[in-house]
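Whatever order the structure lists them in is the order used to number ligands and atoms, beginning at 1. Keep in mind it's a predicted model, so treat the numbers as computed, not measured.
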Amino acid sequence: MEISTIVPAYNEEKNIPLIYERLTQTLSQITNDYEIIFVNDCSKDNTLETIKTIAQQDSHIKYISFSRNFGHQIAVSAGLDLCKGNAVVIIDCDLQDPPELILEMYEKYKEGYKVVYAKRLTREGETWFKKITAKMFYRILAAMTSIEIPVDVGDFRLIDNVVVKHLRNMPEKSKYLRGQISWIGYKQTFVEYHRDSRIYGKTNYPLKKMLRLAFDGITAFSDKPLKMASAIGIISAIISLLAIVYALLSHFIFDSAVSGWTSLIISVLFIGGVQLITIGIIGEYIARINNDVRNRPLYIIDEQNIEDEQ
Ligand code: UDP
Ligand code: MG
């Protein structure tokens with residue numbers, strides 16, 4: 001198999017026929033030996049039925065359907081586990097990532113690059129809030145990690161089968177695939193594109209899920225928050241020490257200790273805040289360990305039309 005394309009889909013019934021058409025158009029220009037794997041993340045609409053209808057007519061179409069909604073990163077991981085292509089493309093179902101760009105990516109792949117990611121020059125049809133928070137997040141993450149995770153890059157990319165094999169051996173449960181792929185290394189390059197707006201439907205990445213992905217990205221690739229927590233602890237301990245000296249002096253030497261409700265309440269609240277923040281940071285890491293230690297399967301497949309031969 002030359003190319004596999006992984007398309008995670010959650011409530012995308014209207015987009016499926018469109019992306020099918022454009023992907024088929026594009027991929028058949030490269031080879032006839034390709035597969036398109038739709039991963040139905042337990043959609044509430046007719047996404048699965050639509051995929052099945054297409055799969056009956058076209059043997060290039062494969063599908064995996066989850067028993068419940070596991071989320072975008074895990075849907076992509078399931079596709080990665082079952083794909084067979086030498087080159088593997090990850091693409092969103094909502095046509096925000098233009099399938100035609102695969103031609104350009106494939107050229108780079110043929111030049112010998114193992115990872116070709118797509119860098120967003122602009123983003124259409126997204127709120128200024130999403131654009132700003134995304135931009136900030138990419139830069140914060142880049143500043144916090146020692147590995148090089150490219151900025152303004154989503155999951156839309158082409159990766160070599162070698163990289164896929166390494167990804168399958170990374171059993172983390174809270175996935176941040178772009179980080180993992182950067183961590184794996186090899187010769188990487190990028191192509192640039194303008195990200196369109198969604199054709200049908202609405203985003204399935206509300207603020208809560210964006211924050212979750214951001215936390216997963218940071219905790220998976222950086223210990224800086226933990227170090228910051230201890231730094232904040234040390235700084236507040238030094239400040240407290242100075243305050244203690246001052247309090248003792250004013251009581252015993254200068255005899256000027258006042259009733260002092262204001263200073264008392266401020267310091268109690270301050271220390272309380274610092275403690276809660278640092279406990280929260282540690283909690284994020286513990287949750288991550290807990291998630292991995294439980295060692296549950298990453299996803300559960302309800303139905304699929306891929307023969308498991310590997
Ligand atoms: N998606 C998924 N499971 C989810 C949420 C999203 O498989 O729980 C898929 C969705 O169908 C799309 C891709 O992940 O193909 C990106 O989602 P979306 O377009 O909602 O995110 P955005 O582009 O707004 O960041
Ligand atoms: Mg989208």
Should you measure from each heavy atom of [X], which atoms of ligand 1 turn up under 4.0 Å away?
X	answer
D94	19 (O), 23 (O)
K209	4 (C), 5 (C), 8 (O)
Q96	19 (O), 22 (P), 23 (O)
K130	22 (P), 24 (O), 25 (O)
N69	4 (C), 8 (O)
R195	23 (O)

**Q.** Sub-4.0 Å heavy-atom contact, M210 with ligand 1
**A.**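 In this structure, M210 fails to qualify as a contact of ligand 1 - no heavy atom is under 4.0 Å.
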Q: Please confirm whether Q73 comes under 4.0 Å of ligand 1, counting heavy atoms of the residue only.
A: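 Heavy atoms of Q73 never come under 4.0 Å of ligand 1.
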Q.
My understanding is that a hydrophobic cluster links ILVMFWY residues whose side chain heavy atoms are under 4.5 Å apart, including indirect links. Using that, what else belongs to the cluster containing V293?
A.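 Members other than V293 - counting any ILVMFWY side chain reachable under 4.5 Å - are I289.
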Q | Test item: Q25 and Y20 side chains (from C-beta on) under 4.5 Å apart, heavy atoms | A |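 No - every pair of side-chain heavy atoms lies 4.5 Å or more apart.
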Q: Test S65 against every option in I301, D41, N40 by the side chain to side chain contact (heavy atoms under 4.5 Å, CB included) rule and name the one that passes.
A: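 Testing S65 for a side chain to side chain contact (heavy atoms under 4.5 Å, CB included) against I301, D41, N40 leaves exactly one candidate, N40.
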Q. For the residue pair Y34 and H60, does the interplanar ring angle fall in the parallel (under 30°), tilted (30 to 60°) or perpendicular (over 60°) class?
A.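 Y34 and H60: parallel rings.
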Just let me know how [X] lines up against ligand 1, side chain, backbone, both or neither, with a heavy-atom cut-off below 4.0 Å.
X	answer
D41	side chain
E12	side chain
N11	neither
P8	both

For [Y], is there an ion pair with [X] - N to carboxylate O distance below 4.0 angstrom?
X	Y	answer
E192	R120	no
R212	E284	yes
E104	R157	no
D92	R195	yes
K52	E303	yes

Q. If you measure every N/O of A75 against every N/O of ligand 1, is any gap under 3.5 Å?
A.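 No.
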Counting non-hydrogen protein atoms only, what is the nearest one to [atom]? Give residue, atom name and distance.
atom	value
atom 1 (N) of ligand 1	Y10 CB, 3.7 Å
atom 24 (O) of ligand 1	T203 OG1, 2.6 Å
atom 17 (O) of ligand 1	Y205 CD1, 3.9 Å
atom 20 (O) of ligand 1	N204 N, 2.5 Å
atom 18 (P) of ligand 1	R198 NH2, 3.5 Å
atom 14 (O) of ligand 1	H72 CD2, 3.0 Å
atom 16 (C) of ligand 1	D92 OD2, 3.3 Å

Q | Nearby protein N/O/S atoms (those under 2.8 Å) for the Mg ion (ligand 2), with water ignored | A |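 Result, waters dropped: D94 OD2, Q96 OE1.
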Q: Tell me whether Y246 is reachable from I271 by hopping between hydrophobic residues (I, L, V, M, F, W, Y) whose side-chain heavy atoms are closer than 4.5 Å.
A: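 Cluster IDs for I271 and Y246 differ.
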Q. Can you hop from I234 to I244 via hydrophobic side chains spaced under 4.5 Å?
A.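 Unlinked, I234 and I244 end up in two clusters.
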Distance only, no hydrogens: is a donor on one side chain within 3.5 Å (strictly under) of an acceptor on the other, for [X] and [Y]?
X	Y	answer
K114	Y109	no
T47	D45	yes
K165	N161	yes

Listing, residues 235-243 side-chain donor-acceptor contacts under 3.5 Å, not counting sequence neighbours, or none:
| residue | atom | partner | partner atom | Å |
| --- | --- | --- | --- | --- |
| S236 | OG | I232 | O | 3.0 |
| S236 | OG | G233 | O | 3.1 |
| S240 | OG | S236 | O | 2.5 |

Q | Residues in salt bridge (Lys or Arg N to Asp or Glu O under 4.0 Å) contact with R178, at least two apart in sequence or another chain | A |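 Partners of R178 by the salt bridge (Lys or Arg N to Asp or Glu O under 4.0 Å) criterion, ordered by chain and then number, come out as D155.
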